[in-house]
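Inspection log for the structure reproduced underneath, given as structure tokens.
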Amino acid sequence: MTRIVAANKDSISEAAAMLRDGKIVVLPTETVYGLGANALDSEAVAKIFEAKNRPNFNPLIVHVMDKDSASALVEMNEEAHKIADTFWPGALTLILPRKENTGVSDLVTAGLSTLAVRVPSHKVMREVIKQAGVPIAAPSANNSGEPSATTPAHAAQSLGDGVSYVLAAGACDVGLESTVLDLSGDIPIILRPGVVTLEDIKNYLENVEIDASTKDKPKSPGQLLKHYAPNIPVRLNAVDVKEGEALLAFGSIKFMGLKSGGPVKDMPTSAFRNLSENADLNEAAKNLFMMLRDLDKPEHKAIAVMNIPDEEIGVAMNERLARAAQK
Ligand code: AMP
Ligand code: MG
């Protein structure tokens, strides 16, 4: 049985105690819900991989309170300090060379010499980390390969009996996973786009590049081609809705029609969601995974998704959707 418990003083302390005790707990963050474990405890970290059915070559992000706690685990160069001072706490993960003898489990890094670190801004998550007193490894709280869970119910539904405790704090603000910026190589590379965009980072690092393979060939171990995927097919850049399809709209549906004739507004409400009627990209990002899960029903042949502008957080949404649509 999974307990879904609203975050308050008592439940936060309980979650922190469970983490110290080697258990895994679903935690709210500003990006997506995380499945957390004590990063120093290999047995606890192994439970994350098992509960998610996550391949063991896909490393985890470690969540800490502040830049000082991060620099205890990784070698922070000048660029890392600048980026951390600017974007932390927030939805940006840094890949840096890991320090030796920190106690971080080798399972976390999947044997790599680098470690992914992030300082989250979510108040509940921060309080949990503080009370647990250890770095928290936490990937998204869902079965590997599925859209990330952005609500407590979706996390519980996706992980089933694999998890016993969900600390609930409503829908996540950002709704997409953190931007992953690799500062361990010759040039800074964005391995995963997110709400902190290439343009944002360019204001501080001139030579940063976005990894072209975020679009097609994966480079980072976790950038598996098919990912974030519902059980039914996803069809992108839809300009109409085919027989039996559900529709994930963005903005106005005035010019969208059903292939079989008739307007989209006649579709059953169970087959229709709009990411943002006002075409607001941040609102759409917040809704993306939640609505993909809502429409992921066996009675639909596929999910037709309208075009999303490739700008600001739309870049990250399109990267996730391209993977969701992979066959
Ligand atoms: P998730 O935990 O599901 O949000 O995924 C974490 C992402 O960070 C995956 O894409 C991982 O491959 C990536 N990642 C974590 N650690 C590293 C690392 N040391 N080097 C490169 N990518 C990493
Ligand atoms: Mg994930």
Side-chain angles (χ1 to χ4, degrees), residues 32 142 145-151 154 171-177 179 190 192-195 197-199 210-218 223-327:
V32 300
N142 52 268
E146 290 181 5
S148 296
T150 55
T151 67
H154 282 160
C172 300
D173 270 349
V174 177
L176 291 183
E177 307 81 359
T179 303
I190 295 177
R192 178 171 74 184
V195 67
T197 64
L198 175 67
E199 289 71 33
I210 190 152
D211 181 3
S213 67
T214 60
K215 281 234 154 67
D216 41 58
K217 273 198 290 27
Q223 300 294 58
L224 308 173
L225 206 47
K226 188 174 169 88
H227 208 84
Y228 316 111
N231 292 306
I232 59 175
V234 171
R235 187 168 68 84
L236 301 181
N237 300 319
V239 290
D240 55 20
V241 186
K242 297 189 177 135
E243 184 79 41
E245 281 185 338
L247 174 64
L248 186 57
F250 175 79
S252 168
I253 52 163
K254 216 161 53 185
F255 299 109
M256 285 294 282
L258 303 177
K259 196 105 195 192
S260 57
V264 159
K265 65 175 175 43
D266 291 350
M267 289 178 78
T269 49
S270 61
F272 175 77
R273 292 285 184 280
N274 197 332
L275 289 166
S276 170
E277 284 177 21
N278 302 325
D280 176 312
L281 284 169
N282 288 315
E283 182 186 20
K286 177 171 175 158
N287 286 329
L288 179 66
F289 288 139
M290 189 168 65
M291 291 184 173
L292 277 175
R293 283 181 175 272
D294 285 346
L295 296 174
D296 187 9
K297 301 273 154 56
E299 61 264 32
H300 302 142
K301 279 198 188 128
I303 303 172
V305 186
M306 282 170 67
N307 178 62
I308 290 161
D310 214 26
E311 58 197 39
E312 299 164 30
I313 200 173
V315 174
M317 293 176 71
N318 284 325
E319 188 260 353
R320 307 304 192 274
L321 282 166
R323 289 179 205 283
Q326 276 290 322
K327 302 228 163 60

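Atom set for the values below is all heavy atoms of this structure, side chains included, hydrogens, waters and symmetry mates excluded.
Contact annotation: the side chain of His154 never approaches that of Asn142 to less than 4.5 Å [non-hydrogen atoms, C-beta and beyond]. The shortest distance between side-chain heavy atoms of Ile190 and Thr179 falls below 4.5 Å. Here the side chains of His227 and Arg320 are not in contact, with every heavy-atom distance at 4.5 Å or above. Side-chain contact between Val305 and Leu321 is present, with heavy atoms from C-beta onward closer than 4.5 Å. For the pair Leu258 and Pro263, the minimum side-chain heavy-atom distance is 4.5 Å or more. For the pair Asn318/Leu236, no side-chain contact is recorded, criterion being any heavy-atom separation below 4.5 Å from C-beta on.
Here the rule is side chain to side chain contact (heavy atoms under 4.5 Å, CB included) with Met306, and of Ile253, Val241, Asn274 only Ile253 fits it.
Nearest heavy-atom pair, Val32 versus Ala149, reported as atom, atom and distance to 0.1 Å: CB-O, 3.6 Å. The two residues Ala229 and Ala324 have their closest heavy-atom pair at CB-O, 3.8 Å.
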Derivation of the side-chain contact (heavy atoms from CB on, under 4.5 Å) call for Val239 and Asn307: CA-CA 8 Å; Val239 290; Asn307 178 62; over 6 Å; no
For side-chain contact (heavy atoms from CB on, under 4.5 Å), just list the numbers for Leu247 and Val264, CA-CA rounded to whole Å, side-chain angles, deciding distance to a tenth of an Å, and then say yes or no. CA-CA 9 Å; Leu247 174 64; Val264 159; 3.6 Å; yes
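Scanning for side-chain contact (heavy atoms from CB on, under 4.5 Å) contacts around Glu312 gives Leu281, with sequence neighbours left out.
Pairs of residues two or more places apart, or lying in two chains, never qualify as ring pair (Phe, Tyr, Trp, His ring centres under 6.0 Å) while including a residue from residues 240-280. Annotation: side chain to side chain donor-acceptor pair (under 3.5 Å) contacts involving residues 238-264, sequence neighbours excluded, comprise Arg235-Glu245. The ring pair (Phe, Tyr, Trp, His ring centres under 6.0 Å) contacts involving residues 303-327 comprise nothing, where partners must be two or more places apart or lie in separate chains.
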For residues 293-303, which side-chain donor-acceptor pairs fall under 3.5 Å, sequence neighbours excluded?
unit_1, atom_1, unit_2, atom_2, d
Arg293, NE, Pro147, O, 3.3
Arg293, NH1, Glu146, OE1, 3.4
Arg293, NH2, Glu146, OE1, 2.8
Arg293, NH2, Pro147, O, 2.6
Asp294, OD2, Arg273, NE, 3.3
Asp296, OD1, Asn231, N, 3.1
Asp296, OD1, Ile232, N, 3.4
Asp296, OD2, Asn231, N, 2.8
Asp296, OD2, Asn231, ND2, 3.4
Lys297, NZ, Asp294, O, 2.8
His300, ND1, Leu295, O, 2.9

Can you give each donor-acceptor pair under 3.5 Å made by side-chain atoms of residues 282-290, sequence neighbours left out, with the distance rounded to 0.1 Å?
unit_1, atom_1, unit_2, atom_2, d
Glu283, OE1, Ser276, OG, 2.7
Asn287, ND2, Leu275, O, 2.9
Asn287, ND2, Glu283, O, 3.4

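Heavy atoms of other residues, nucleotides or ligands lying less than 6.0 angstrom from CD of Glu311 number more than 12.
Taking the ring centre of Tyr228 as origin, the terminal cationic atom of Arg323 falls outside the region bounded by 6.0 Å and 45° from the ring axis.
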